[in-house]
Protein chains: 2
Amino acid sequence: MDSLIKRIGYYVRSNPEALEDFARLPYKTETRQAGETIVSEGEKVNFVFVIESGWAIRFRLLENGRRQILNFMLPGDCFDLMAITRAKSDHNVSAASEVVLRRIKADAFMKTVASNPQLATSFWWAAIQEEALLREQIIRVGRRSAKERTAHLILELNRRVATVTGQLDDYLAFPVAQSLMADALGLSVVHISRTLTQLKADGYIKMDSQGIEILRRKKMADMCDFDSRYLHLDKLDL
Amino acid sequence: MDSLIKRIGYYVRSNPEALEDFARLPYKTETRQAGETIVSEGEKVNFVFVIESGWAIRFRLLENGRRQILNFMLPGDCFDLMAITRAKSDHNVSAASEVVLRRIKADAFMKTVASNPQLATSFWWAAIQEEALLREQIIRVGRRSAKERTAHLILELNRRVATVTGQLDDYLAFPVAQSLMADALGLSVVHISRTLTQLKADGYIKMDSQGIEILRRKKMADMCDFDSRYLHLDKLDL
DNA sequence: CGCGGGTTTGAATGAGTTCAATCACGGTGG
DNA sequence: CCACCGTGATTGAACTCATTCAAACCCGCG
């Protein structure tokens with residue numbers, strides 16, 4: 001719950017007890033191993049999920065085995081806020097690393113949110129952010145070079161993690177394989193590897209098996225044209 | 001107004017007078033020439049716009065002059081449904097062809113929609129569709145070849161026009177320059193031209209100065225893996 | 001007629017892919 | 001404790017798709 005509180009809490013800071021209604025909603029906690037499915041394409045979505053820990057991905061598979069990841073979902077992220085009105089999911093969600101998630105019945109969720117304007121506003125903001133992430137993803141994949149894309153994604157993830165931890169750290173715990181980065185950025189695994197090597201050689205980052213350290217944030221942001229405004233963190237100031 | 005009625009009307013068919021509230025909302029009608037700005041990045045959005053005729057685009061400009069179009073907006077489309085809660089726009093909107101649009105004050109819009117569940121549901125659906133378009137755009141740009149992308153976009157636009165006209169026509173009036181297609185698909189103008197030539201040579205389409213005729217819809221859809229389900233037109237049956 | 005925007009074509013270049021081989025590393029079983 | 005295995009990361013070489021630059025073309029319009 002912690003991570004959601006942190007995430008949603010930004011928007012209801014003034015009135016923390018608004019969150020209690022939400023915390024009291026009945027739920028089930030589930031764990032999924034990396035690679036396991038959470039929601040599959042064509043499925044009716046009757047639940048809202050909140051990621052407690054770990055990373056998940058939303059993606060679509062194409063006929064010839066290609067995969068495109070739409071976005072990463074981090075602790076504190078909710079889905080599918082949009083689809084819960086009797087729509088069928090048009091994409092898959094699965095665990096990118098080991099994931100713990102809270103599952104809440106959609107109708108109960110809706111009722112609580114509808115009856116609490118503070119909460120409604122918070123989730124509205126979350127939906128705005130989610131849409132902004134999709135837009136940025138289009139730009140990244142459509143008009144940026146491999147090097148820019150990769151750097152840009154790293155900075156985005158780093159910033160999003162900060163939304164939950166409350167501080168902007170230079171080390172990004174990175175629990176997922178490079179093949180996921182490839183499928184997110186529309187590149188081949190091989191090229192992701194080369195590109196990361198290049199980013200290391202350029203002194204932007206350092207990597208170990210657990211994650212990525214950002215060595216020159218400013219230079220890196222300039223290089224890849226990263227501007228965190230699209231994340232709509234206005235309420236925050238990191 | 002006609003086009004919006006057609007668009008939103010699908011979701012409130014049973015109860016046409018629900019739309020009257022909406023039609024009665026005070027508004028201004030504006031015309032923009034191709035290339036003119038409608039909303040610019042960083043601007044506060046206090047209005048909801050509805051496209052009456054013509055096409056508009058949402059896009060972002062990158063430092064070095066590159067441009068990525070996020071999506072096309074056709075008659076009957078509304079924006080920015082999401083952003084109207086005191087957010088600043090993180091992208092531009094401008095006219096792709098000559099555009100007539102209806103401008104409605106955000107607060108009045110919100111009040112009317114909130115007080116009318118049928119309308120609220122309709123616009124909720126419109127928002128779901130909009131998000132689905134963004135997701136599909138990511139997949140198109142991230143994991144499809146130039147030929148597939150181009151064909152896929154043509155079929156999507158064709159299908160979306162049908163949502164408003166009420167019938168699926170094989171001829172798509174195409175009022176915008178190829179350079180817009182290029183910026184939407186993350187390709188160069190030159191390559192779009194070559195790709196269209198190829199689609200013509202393959203017998204998928206025929207073009208004149210006004211638009212595109214789809215000659216082999218089925219074959220074309222198979223080739224580019226177009227599956228209209230993502231458009232969430234379930235309520236329709238064309 | 002001539003200008004100008006948009007489109008088309010060709011040739012050279014380049015970014016990213018593909019295929020295949022190698023490496024690094026953590027886990028497992030003998 | 002070490003050999004072995006498998007997964008994921010890395011490297012090299014050949015190849016492909018798309019870009020770039022430049023020139024030609026087309027067509028509507030003043």
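Just so it is clear: chains get the letters A, B, ... in the order the sequence lines come, proteins before strands, and each one is counted from 1.
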Undergrad: Report the distance from atom CD of Gln210(B) to atom C1' of dG6(C), rounded to the nearest whole Å.
TA: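 Computing the Gln210(B):CD to dG6(C):C1' distance gives 14 Å.
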Undergrad: Can you tell me if the side-chain N/O atoms of Gln178(A) get under 4.0 Å from OP1 or OP2 in dT10(D)?
TA: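 Yes.
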Undergrad: Please write out the pairs of protein N or O atoms and N or O atoms of nucleotides 25-30 of chain D separated by less than 3.5 Å, giving the distance to one decimal.
TA:
none

Undergrad: What is the separation between atom CZ on Arg66(A) and atom C1' on dG16(C), rounded to the nearest whole Å?
TA: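 About 15 Å, once rounded to whole Å.
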Undergrad: For residues Tyr230(A) and Glu156(A), is any side-chain donor paired with an opposing acceptor at under 3.5 Å?
TA: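 Yes, a side-chain donor-acceptor pair sits under 3.5 Å.
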Undergrad: Salt bridge check: are Glu41(B) and Arg58(B) linked by an N-O gap of less than 4.0 Å?
TA: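 No, this pair does not count.
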Undergrad: Does atom NZ of Lys219(B) have more than 12 heavy-atom neighbours, drawn from other residues, nucleotides or ligands, at distances under 6.0 Å?
TA: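 Incorrect, the count does not exceed 12.
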Undergrad: Is there a donor-acceptor pair closer than 3.5 Å between any side-chain N or O of Arg32(B) and the backbone N or O of Ala95(B)?
TA: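 Answer holds: no.
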Undergrad: State plainly whether the residues Asp77(B) and Arg160(B) are in salt-bridge range, i.e. N to O under 4.0 Å.
TA: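 Salt bridge present between Asp77(B) and Arg160(B).
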Undergrad: Measure from CG on Asp208(B) to C1' on dG6(C) and round the result to the nearest Å.
TA: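 Roughly 15 Å, once rounded to whole Å.
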Undergrad: Considering only nitrogen or oxygen atoms on both sides, find all protein atoms under 3.5 Å from nucleotides 19-23 of chain D and state each distance.
TA:
unit_1, atom_1, unit_2, atom_2, d
dT19(D), OP1, Ser188(B), N, 3.0
dT19(D), OP2, Ser188(B), N, 3.1
dT19(D), OP2, Ser188(B), OG, 2.8
dT20(D), O4, Arg194(B), NH2, 2.9

Undergrad: If the threshold is 4.0 Å, N to carboxylate O, is there a salt bridge linking Asp90(B) and Arg60(B)?
TA: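 Result for this pair is no, no salt bridge flagged.
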Undergrad: Going by an N to O cut-off under 4.0 Å, is there a salt bridge joining Glu136(A) and Arg144(A)?
TA: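 Judged by the 4.0 Å cut-off on N to carboxylate O distance, Glu136(A) and Arg144(A) do form a salt bridge.
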Undergrad: What is the distance, rounded to the nearest whole Å, between atom CE of Met181(A) and atom P of dA9(D)?
TA: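 Taking atom P of dA9(D) as the reference, CE of Met181(A) is at 9 Å.
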Undergrad: Of the candidate nucleotides dT11(D), dA9(D), dT7(C), which contains the atom at the shortest distance from the side chain of Ala177(A)?
TA: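 Taking heavy atoms from C-beta onward, the closest nucleotide is dA9(D).
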Undergrad: Whole-Å distance between dC25(C) P and Met207(A) CE?
TA: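 The answer, rounded to whole Å, is 13 Å.
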Undergrad: Please check the phosphate of dA9(D) (OP1 and OP2 only) for any side-chain N or O of Ser193(A) closer than 4.0 Å.
TA: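 Checking dA9(D) against Ser193(A), no side-chain N or O comes under 4.0 Å of OP1 or OP2.
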Undergrad: Which of these nucleotides, dA9(D), dG16(C), dT11(D), is closest to any side-chain atom of Thr197(A)?
TA: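 Nearest to the side chain of Thr197(A) among the choices is dT11(D).
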Undergrad: Assign Lys200(B) to base, sugar-phosphate, or nothing according to its heavy-atom contacts below 4.0 angstrom with the strands shown.
TA: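 Sugar-phosphate, no base atom in range.
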Undergrad: Under 4.0 Å between a Lys/Arg side-chain N and an Asp/Glu carboxylate O for Lys147(A) and Asp202(A)?
TA: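 Here Lys147(A) pairs with Asp202(A) in a salt bridge, since their nearest N and O are under 4.0 Å apart.
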Undergrad: How many Å lie between CD1 on Ile212(B) and C1' on dT7(C), as a whole number?
TA: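 So the CD1-C1' distance, Ile212(B) to dT7(C), works out to 14 Å.
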Undergrad: How many Å lie between CG on Asn64(A) and P on dT17(C), as a whole number?
TA: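 Rounded to the whole Å, the gap is 14 Å.
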Undergrad: Check Arg143(B) with Asp183(A), please: is the shortest side-chain N to carboxylate O separation under 4.0 Å?
TA: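 Salt bridge between Asp183(A) and Arg143(B), a charged N being under 4.0 Å from a carboxylate O: yes.
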Undergrad: Could you check how far CG of Leu196(B) sits from C1' of dA18(D), rounded to whole Å?
TA: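 Atom-to-atom, Leu196(B) to dA18(D), this comes out as 15 Å.
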